[in-house]
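Just so it is clear, the model here is predicted, and its values are computed rather than measured.
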Amino acid sequence: MGNGEQAEQRVIVALDVPDEQSAIALTDQLPQVVWWKVGLELFTSTGPKILEVLKSRQKRIFLDLKFDDIPNTVAGACRSAARYGVDLLTIHATAGRDALKAATEAAQEGATKAGVEPPKLIAITLLTSISARQLAFDLKIPLELPEYALEMALLAQESGLDGVVCSPQEVAQLRQTCGNDFLLVCPGIRPTWADIGDQKRSLTPAQAIIAGADYLVIGRPITTATEPELAWKRISEELTTVA
């Protein structure tokens with residue numbers, strides 16, 4: 001890939017801002033970014049209006065609302081979200097097999113009725129802010145963290161989902177087990193020059209791609225940088241070193 005092309009195709013920048021005005025300002029500042037993530041904070045503030053803005057600019061959208069509820073409610077939410085024509089949509093694997101299957105069917109149904117392409121439905125394995133110690137002592141999960149993430153990924157795959165969200169530290173194992181056609185989306189990406197913040201299981205952009213990630217979700221290292229354009233350029237340059 002040419003200079004910057006790897007980043008444009010594989011880096012999703014998190015629009016973790018509080019309102020529409022801030023979101024538009026950031027997208028104006030980074031016109032070369034193709035993929036944007038809309039999460040709970042921004043979607044709760046603006047509703048679907050921000051999705052319309054991004055689509056009008058021919059951007060690709062990762063709608064990261066992390067649905068987690070009973071199967072009927074999750075299905076209804078996915079059916080509604082699919083109508084927006086977003087590219088990626090998230091649900092927690094812990095919602096369970098019935099909810100995952102219902103969500104898959106509902107997303108297809110909602111997109112078909114709206115006349116849009118259905119989103120790729122991806123499951124959250126374990127939030128990247130959770131450490132192995134927290135998994136064991138706070139959540140009382142009697143599995144090692146990599147094993148737990150793998151079990152959640154296999155549950156999602158068996159339930160018909162398109163992929164999972166996982167930390168970059170679990171990518172290599174999941175890629176080997178789940179195969180090349182299963183999407184692996186990695187938040188918790190931190191360049192060597194960035195503050196690690198609340199991320200417990202991070203890698204650099206190049207390390208994550210080499211390990212097998214399809215998409216990298218990067219927020220604060222870009223969006224809170226003094227010069228977001230420079231931060232994007234540095235990440236793009238790092239990724240040009242990856243074949």
Side-chain angles (χ1 to χ4, degrees), residues 10 12 37 39-40 60-84 86-113 116-132 134-136 139-188 200-201 203 208-209 211-217:
R10 302 181 75 168
I12 303 172
K37 177 179 84 78
L40 280 171
R60 302 193 73 182
I61 302 170
F62 173 21
L63 184 58
D64 186 26
L65 301 183
K66 299 183 176 73
F67 297 135
D68 190 1
D69 215 310
I70 62 173
N72 186 64
T73 302
V74 163
C78 288
R79 188 178 297 111
S80 294
R83 294 175 187 148
Y84 298 136
V86 298
D87 299 280
L88 297 173
L89 181 65
T90 49
I91 176 175
H92 272 284
T94 51
R97 192 180 304 273
D98 290 346
L100 295 176
K101 288 182 176 180
T104 303
E105 294 171 6
Q108 294 283 338
E109 181 184 317
T112 299
K113 285 187 177 179
V116 296
E117 284 290 315
K120 299 289 187 185
L121 193 60
I122 55 177
I124 308 295
T125 54
L126 183 69
L127 297 175
T128 53
S129 59
I130 301 290
S131 67
Q134 289 169 323
L135 183 71
L139 302 182
K140 312 300 182 187
I141 302 294
L143 295 176
E144 293 294 327
L145 193 152
E147 184 184 356
Y148 177 79
L150 176 59
E151 291 296 335
M152 293 298 100
L154 290 172
L155 174 63
Q157 190 172 43
E158 290 163 6
S159 302
L161 272 71
D162 298 291
V164 293
V165 177
C166 62
S167 103
Q169 293 189 6
E170 287 99 59
V171 164
Q173 178 190 24
L174 298 191
R175 176 61 68 213
Q176 182 178 8
T177 305
C178 298
N180 292 329
D181 296 329
F182 196 61
L183 288 177
L184 300 179
V185 179
C186 293
K200 301 293 196 300
R201 306 180 339 265
L203 288 180
I209 291 293
D214 291 296
Y215 295 106
L216 312 180
V217 181

Would you give the length of the straight line joining atom [atom1] of [X] to atom [atom2] of [Y], rounded to the nearest 0.5 angstrom?
| X | Y | atom1 | atom2 | result |
| --- | --- | --- | --- | --- |
| Thr112 | Glu117 | OG1 | CD | 9.0 Å |
| Gln157 | Asp162 | CD | CG | 10.5 Å |
| Ile12 | Ile61 | CD1 | CD1 | 11.5 Å |
| Leu40 | Leu63 | CG | CG | 9.0 Å |

Ignoring hydrogens and geometry, is there a side-chain-to-backbone donor-acceptor pair from [X] to [Y] under 3.5 Å?
| X | Y | answer |
| --- | --- | --- |
| Ser159 | Leu161 | no |
| Arg83 | Cys78 | no |
| Arg10 | Tyr215 | no |

Could you tell me if the side chain of [Y] sits less than 4.5 Å from the side chain of [X], heavy atoms only?
| X | Y | result |
| --- | --- | --- |
| Leu183 | Lys120 | yes |
| Asp68 | Ile91 | no |
| Ile70 | Thr73 | yes |
| Val165 | Cys186 | no |
| Leu135 | Tyr148 | yes |
| Val164 | Leu184 | yes |
| Leu174 | Phe182 | no |
| Leu127 | His92 | yes |

Checklist entry - Could you go step by step and tell me if Leu154 and Thr177 meet the side chain to side chain contact (heavy atoms under 4.5 Å, CB included) rule? => result CA-CA 9 Å; Leu154 290 172; Thr177 305; 4.0 Å; yes

Minimum heavy-atom distance [X]-[Y], with the two atoms named:
| X | Y | answer |
| --- | --- | --- |
| Glu170 | Ala149 | CG-CB, 3.8 Å |
| Thr128 | Pro187 | CG2-CG, 3.8 Å |
| Asp87 | Arg60 | OD2-CA, 3.2 Å |
| Ala106 | Ala75 | CB-O, 3.1 Å |
| Val74 | Ala103 | CG1-CB, 3.7 Å |
| Pro119 | Ala82 | CD-CB, 3.7 Å |

Checklist entry - Near Gln176 CD, under 6.0 Å, is it more than 12 heavy atoms from other residues, nucleotides or ligands? => result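 Open.
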
Between [X] and [Y] (salt bridge meaning N to carboxylate O under 4.0 Å), is one present in this structure?
| X | Y | result |
| --- | --- | --- |
| Lys113 | Glu109 | yes |
| Glu158 | Arg97 | yes |
| Asp64 | Lys66 | yes |

Checklist entry - Going through the distances and angles, do Thr90 and Phe67 end up as a side chain to side chain contact (heavy atoms under 4.5 Å, CB included)? => result CA-CA 7 Å; Thr90 49; Phe67 297 135; over 6 Å; no

Checklist entry - Of Leu126, Ile124, Thr125, which is the lone residue that meets side chain to side chain contact (heavy atoms under 4.5 Å, CB included) with Met152? => result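 Single pass found, and it is Thr125.
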
Next on the checklist: Could you walk me through whether Leu89 and Ile122 satisfy the side chain to side chain contact (heavy atoms under 4.5 Å, CB included) test, starting with their C-alpha distance in whole Å, then the side-chain angles of each, then the deciding distance to 0.1 Å, before giving a yes or no?
Outcome noted: CA-CA 6 Å; Leu89 181 65; Ile122 55 177; over 6 Å; no

Checklist entry - What's the verdict on side chain to side chain contact (heavy atoms under 4.5 Å, CB included) for Leu139 and Gln134, showing C-alpha distance, side-chain angles and the deciding distance? => result CA-CA 6 Å; Leu139 302 182; Gln134 289 169 323; 5.8 Å; no

